[in-house]
Amino acid sequence: FFLKTQIFLKSKGYFCDMDVLTKEQRRKNMQAIKSKNTEIELILGKALWARGHRYRKNNDKIFGKPDFTIRKFKIAIFCDGDFFHGKDWVTSKERIKSNVDFWHKKIESNIERDKVVSATLRKEGWTVIRFWGSDIKKNLNDCLMKVDRAIMEAKSVKYSSLKRHFNLDPRKLDGGEGLAYLTHYLQNKENTTGAIFEEEAEQYLLELGLAEDSEFQYELPIKYDVPFPPPLQPKFKFIDLFAGIGGFRLAFQNLGGKCVFTSEWNKFSKKTYEANFGEVPFGDITKIDEDIIPDHDVLLAGFPCQPFSIAGVSKKKSLGKEHGFKDETQGTLFFDIVRILDKKRPKAFLLENVKNLVSHDKGKTFKVIKGALEELGYSIHYKVLDGKHFVPQHRERIFIAGFDKAIYNGEEEFGFPELPDPSCIVEEILEQRVDPKYTLSDKLWNYLQNYAKKHKEKGNGFGFGLVDFEGITRTISARYYKDGSEILIPQEGKNPRKLTPRECARLQGYPESFVIPVSDTQAYRQFGNSVVMPLVRAIGNKLTEVILNERNSTKCN
Ligand SMILES: C[S@@+](CC[C@H](N)C(=O)[O-])C[C@H]1O[C@@H](n2cnc3c(N)ncnc32)[C@H](O)[C@@H]1O
C-alpha cells in the first residue's frame, strides 16, 4: 500500500515497491497516478452532477487547475489524495518507512503548493474547497453539503447591504417594533420559527416602500457579515431577555445555540446588540405577548432586582382567595419571566442577578423568586460565582438554573462548574496607548481624594479604587461613566486614568471583535451592566450538557 511506499502498477496489475523502480520509471508512474488516479474525482464529479451542479474540470486557465470549478459562483474544488497531499501529516509522516527523504520532500512540497494555490485563488475572490480523498469516499454527503453551502453563500446577499435599505439608524431603535420583527424574521426565515415574525416584517417593508421593489432581494439567503452571526447548524434554541448587549447570547451562541427571540428596551444597548449580532431586540418585555415568542429550549435572563409588593397579596387575602408565589410577583419584571416560562415551558433556564438578591428585602425577594419558579414545576439550582476565575475582576453574581420537572423529574445531573484558579491580572487587559481624555482632571482627582479622606475619618470604607497591576479590579458597575472611581489606573507622573471602553469589554471577557458603536458614556453603562461572558459560557456548558443529553430526560427530543 502507498504508505509502505509501494505502488499499484495498473499496467502490470500488481503492487511494486517504489524503491525498486528507476528514476525514470518512478517519474512515469507518478505522472500516471496524477492523471489517472481520478477515482475520487469521478465519485465527486458524478455526485455533483446528479445534484444539478454544472462545473468545468481541470480548467487550466485558472490558477492551480482546480479539479472542478463552478464559475458562476466562483467556487474551486480540489480532491486531494490523502497520501500525496499529506493528510494528518504530523502523524502520517511517521508511517513512511522507506525512501523517507524522498517522500517527505515530495509531500511537503505538495502541501506548500496547495497552500499557495488556495491563498492565491482566495485573493482572486474564489471560494476554495479542498476535500480529502478518504472523505469523498466515506462522507460524500458531507462533502456535497459543503458545496451546497458554498453555493448558497455565493448566491446570498450581505446583511450589511440589506441594512442600508432598512433605515436602521439609532433614532428608529426606540420607535416601533418594525425593525425587531424584520431582523428576527430575517434570522429565522429558513426555519419554521420565521413564520411568527413574517406578517409584521412584511408590514414594515411595506411602510418602507420596499415590499414591491424588485431590486430588493431580502428573500435571498443572507450572509451575516457581523462579528457574531447565527450558527448554521444550531444544536438548540434559546431566548435572550433583558438582553443588554448580549453577554448571555454570546456565551450560548458559542455553545452552538440559536437565539430565536430577544428583548431589551434601551435604544443604545439595542444599537450595540444589532451591530454585533445582526438583530434588533424587541422592546419593553412587559408589553410583549407570549404568542410572539417562538418555542425554545432555554430561557436566559439577567433581570433587574425589584422588591415584591405585598399589596396584591393582601387584597387577595381580604377577598378570601388563596394566593401563590406567582401572584406575589405581579407588577415586577420577574413576573414577565414567570409568565413566559409558564406559557412556553422551555426545558431549562438560566437567570442572573446581583449577589445580594438572597438577602434583599430580608430574604423575602429570593423566597418569592424560588417559590414562584418551583410552583411552575422547575427544579432549581443556585450559586454565587465570581468572575475573577476568568477575568481580572472581582464580580460575584448569583446564577439560578432551573430544569422542567415534567422532563427531568427533578433528577437532572446538573452541577455548577468547577472554576479554574484565578490567574488573570489587570496588566493583561490594559491598552498600550491611551488617549489623554481618560486621565482624571485635577479637579476630579482632588475631589475623589478629599471624599475618600472625609469618609475614612468617619470610619467608612468608601473611596476610589486604585488598581494593582498584578491584581484584580473591583466590580465594574453601570455608574462607572460618572467618575470611574471604583477602578482607576495609576499613571507615572500623572493623575490616574479611567479604563477605556475596550478595557471594560476585556474586563468582562468579551472578545476583541466585539464592536462598540456607542459613545464612551453608553459603553461604560453597557459593560458595567453586563456579565463576565466566559463565566456564563462555563455555566452554559454544564446546562447544555443536560439538555443535549437524551439519557438525562424522558421526553427531551
Ligand atoms: C442587568 S442588565 C442585563 C445585561 C445583560 N445580561 C448583558 O449581558 O448585557 C438588565 C437589562 O434589562 C433592561 N431592561 C430593564 N427593564 C426592561 C424592560 N421592561 N424591558 C426590556 N428590557 C428591560 C435594561 O435596559 C438592562 O439592559
Side-chain angles (χ1 to χ4, degrees), residues 170 173-174 176-177 180 184 228 238-254 257 259 261-277 279-290 292-293 298-306 329-340 349-357 360 385 387 390-391 393 395-400 475-481 501 504-511 514-518 521-537 539-540:
L173 293 177
D174 60 354
E177 301 283 37
H184 277 67
F228 308 100
F238 65 88
I239 64 168
D240 191 14
L241 305 180
F242 307 99
I245 52 172
F248 273 95
R249 177 166 178 153
L250 201 48
F252 276 72
Q253 234 176 245
N254 272 334
C259 185
F261 182 85
T262 171
S263 149
E264 164 59 53
W265 72 359
N266 179 283
K267 71 171 172 176
F268 299 106
S269 299
K270 285 182 181 194
K271 185 177 180 191
T272 305
Y273 199 98
E274 186 280 329
N276 284 285
F277 300 103
E279 192 165 67
V280 175
F282 282 88
D284 189 350
I285 191 68
T286 62
K287 302 205 167 73
I288 287 168
D289 193 311
E290 304 96 64
I292 68 150
I293 301 181
V298 188
L299 175 149
L300 305 169
F303 62 104
C305 170
Q306 294 168 300
T329 69
Q330 292 269 4
T332 67
L333 291 167
F334 178 70
F335 174 75
D336 293 287
I337 296 177
V338 170
R339 73 178 167 90
I340 294 167
F349 60 76
L350 182 64
L351 312 180
E352 179 252 11
N353 215 297
V354 289
K355 178 190 169 189
N356 69 10
L357 179 75
H360 187 253
L385 294 168
F390 296 93
V391 293
Q393 180 197 179
R395 189 182 191 88
E396 288 183 298
R397 288 291 183 268
I398 188 166
F399 291 90
I400 309 169
T475 307
I476 188 163
S477 75
R479 58 171 295 288
Y480 187 71
Y481 72 94
C504 295
R506 292 176 186 165
L507 204 58
Q508 296 281 40
Y510 276 70
F514 194 86
V515 176
I516 308 174
V518 289
T521 303
Q522 292 303 333
Y524 286 135
R525 290 173 94 122
Q526 294 176 1
F527 288 113
N529 254 334
S530 190
V531 283
V532 173
M533 196 280 291
L535 173 61
V536 175
R537 189 176 53 205
I539 301 167

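For ligands, and for the atoms within them, numbers begin at 1 and follow the listed sequence. Heads up: numbering here begins at 1 and tracks the sequence. Bear in mind that the values here come from a model prediction, so they are computed numbers and not experimental data.
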Looking only at distance, does Gly302 have an N or O less than 3.5 Å from an N or O of ligand 1? no
Below the 3.5 angstrom mark, is there an N/O of Asn529, backbone or side chain, next to an N/O of ligand 1?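 No, no N or O pair falls under 3.5 Å.
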Within the 4.0 Å heavy-atom shell around [X], which atoms of ligand 1 are there?
X: Ser530; answer: 7 (C), 8 (O), 9 (O)
X: Asp284; answer: 18 (C), 19 (N), 20 (N)
X: Gly247; answer: 7 (C), 8 (O)
X: Leu333; answer: 16 (N), 19 (N)
X: Phe248; answer: 6 (N)
X: Ser263; answer: 21 (C)

Considering non-hydrogen atoms of the protein only, which is the closest contact for [atom], and what is the distance?
atom: atom 3 (C) of ligand 1; answer: Phe242 O, 3.3 Å
atom: atom 20 (N) of ligand 1; answer: Ile285 N, 3.0 Å
atom: atom 21 (C) of ligand 1; answer: Trp265 N, 3.5 Å
atom: atom 5 (C) of ligand 1; answer: Ala243 O, 3.5 Å
atom: atom 9 (O) of ligand 1; answer: Ile245 N, 3.0 Å
atom: atom 11 (C) of ligand 1; answer: Glu264 OE1, 3.5 Å

Would you say [X] and [Y] make side-chain contact, with heavy atoms under 4.5 Å?
X: Ile245; Y: Tyr510; result: yes
X: Thr286; Y: Phe335; result: no
X: Val354; Y: Arg397; result: yes
X: Ile476; Y: Arg395; result: yes
X: Phe252; Y: Cys259; result: no
X: Phe282; Y: Lys287; result: no

Straight-line distance of Asp284 CG to Glu264 CD, nearest 0.5 Å: 10.5 Å
On the 0 to 90° scale, with breaks at 30° and 60°, tag the Phe277-Phe228 ring pair as parallel, tilted or perpendicular. tilted
Going by atom types alone, do Gln526 and Thr272 pair a side-chain donor with an acceptor below 3.5 Å?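 There is such a pair (donor and acceptor under 3.5 Å, judged by atom type) between the side chains of Gln526 and Thr272.
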